[in-house]
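So the structure is just underneath, and the comments pick up after that.
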Amino acid sequence: MAKKRGQGIAAIIYGTGYGNGFPDVSSATVEIHDDGSATVHTGAVDCGQGSDTTLIQIAAQELGVSTENITLITGDTDSTPDAGTTAATRQTYASGNAVLRAVRVAKQKLLQYGASVLGVNTPEGLEMVKGVVSVKGYPQKQMSVAELAFQARFSGVRLLGEGTFVTHTTEVDPDTGQGAPYWPYAFGTQIVEVEVDTKTGKVDIIKAIASHDVGKAINPQNVRGQIAGAVAQGIGYALMEEVNLGEGRINNPNFSQYLLPTSMDMAEIEPLIVESDEPTGPYGAKGIGEPAMLPTAPAILNAIYDAVGIRLNSLPATPEKVLDLLVSKQE
């Protein structure tokens, strides 16, 4: 047969954040307005991965209001506090925690005022659900968040909150190798089925199953999109993308020579979300941005080996490389 199929598997562990004791800090501020809406300021920049949506969801969940009541302002160096770079799969974890802390500070001020208005001894006697502040165990005694915030404002109470989160890592001791260089860790496993054309060396991806531990999936649709997009990048990394350098110059500086996968190159991708509840994350969440790309290439190489018995030690696995190894194997 000219075409042979094989399956490959690869698993990864990935430390999120800057790591190895380097200061990894995110900050956010929030203000609850007279109408019960809130504005969140953070330096976290959404590069397309969906962090804006996630941060809005975190703020809305903690305030007990709909996402439409949250305004998020990001990436404005004139008005937003530093939230670190959008890198290292850290924004959901680090900035999500910062936003959650800021919201809780503002929320506590509102509940502190609400306790006096609703006649309970402490804010712990109140709860905020679906835009309503009510007395625990006596839900008939309640006020809307908007009404309570309006009264607080006219009583001179500013419902402002600020939150800063620092990831907990320590530098690895160069002598003993001991330390906690990252936290938290992401885990993932992918299985890929390929078809190898033994006459041309061309490798086609038939199906990829990608299972990833994300802590808590705050937005499952977003997470599945992240995983699928990462697998697509991994396919390009494994089979096509290569920077051709010569004497310090890039010899393939355009997309007619530097090939990227298109929809025609994609396989069936099945993202599987594993929820483990990270205790230090916002509502148990961890990041998924970079980890989902890491197992794809090794899984593909293992699948090629399973199909035709050749082991590639360099990327990408172009038809020329695959065919050369197949010919060498037959000699």
Side-chain angles (χ1 to χ4, degrees), residues 8 10 12-24 43-49 51 75 77 82-91 94 169 171-172 174 177 181-182 186 188 190 192 194 196-197 200-205 208 226-267 287-305 308 310-329 331:
I12 60 98
I13 176 173
Y14 177 87
T16 60
Y18 298 146
N20 205 31
F22 189 88
D24 191 350
V45 175
D46 191 330
C47 297
Q49 80 279 17
S51 61
T77 54
D82 185 16
T85 59
T86 299
T89 314
R90 59 178 294 280
Q91 286 296 5
T169 65
E171 188 175 355
V172 172
Y182 291 98
Q190 294 184 10
V192 176
V194 305
V196 181
D197 189 324
T200 65
K202 187 175 186 296
V203 178
D204 291 315
I205 311 299
Q226 283 273 80
I227 294 173
V231 171
Q233 285 185 288
I235 290 173
Y237 178 53
L239 300 181
M240 301 178 185
E241 298 183 50
E242 183 174 24
V243 176
N244 184 355
L245 289 173
E247 297 183 352
R249 294 179 177 270
I250 297 177
N251 295 324
N252 56 336
N254 55 65
F255 290 136
S256 66
Q257 298 167 307
Y258 182 93
L259 301 181
L260 291 169
T262 70
S263 59
M264 299 299 292
D265 301 299
M266 283 302 104
I288 185 58
E290 293 160 321
M293 179 182 168
L294 300 181
T296 308
I300 289 173
L301 296 187
N302 287 338
I304 294 172
Y305 179 82
V308 293
I310 61 171
R311 178 64 70 185
L312 288 102
N313 296 314
S314 67
L315 292 177
T318 59
E320 293 81 2
K321 290 181 184 178
V322 172
L323 194 58
D324 284 345
L325 287 175
L326 287 173
V327 171
S328 298
K329 180 185 176 185
E331 293 177 349

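Keep in mind that this is a model prediction, so the values were computed, not measured.
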Thr169 and Tyr18: side chain donor to acceptor below 3.5 Å: no

Partner residues of [X] under the side chain to side chain donor-acceptor pair (under 3.5 Å) criterion, sequence neighbours left out:
X	answer
Ser314	Lys321
Gln233	none
Thr16	none
Asp46	none

Is a side-chain N or O of [X] found less than 3.5 angstrom from the main chain of [Y], in a donor-acceptor match?
X	Y	result
Asn20	Val172	yes
Glu171	Gly19	no
Glu290	Thr89	yes

Note, Pro316 side chain near Glu241 side chain (heavy atom, < 4.5 Å): no

Atom pair CE/CG of Met240 and Asp265 - distance to nearest 0.5 Å: 3.5 Å

Value rounded to 0.5 Å, distance of CD1 in Ile304 from CZ in Arg311: 9.5 Å

Partners passing ring-ring contact (aromatic ring centres under 6.0 Å, His included) against Tyr237 (at least two apart in sequence or in another chain): none

Sequence neighbours left out, cut at 3.5 Å: what donor-acceptor pairs do the side chains of residues 249-257 make with other protein atoms?
from   : atom 1 : to     : atom 2 : distance (Å)
Asn252 : OD1    : Asn244 : N      : 2.9
Asn252 : ND2    : Glu242 : O      : 2.7
Asn254 : OD1    : Ser256 : N      : 3.1
Asn254 : OD1    : Ser256 : OG     : 2.4
Asn254 : OD1    : Gln257 : N      : 3.4
Asn254 : ND2    : Gln257 : OE1    : 3.3

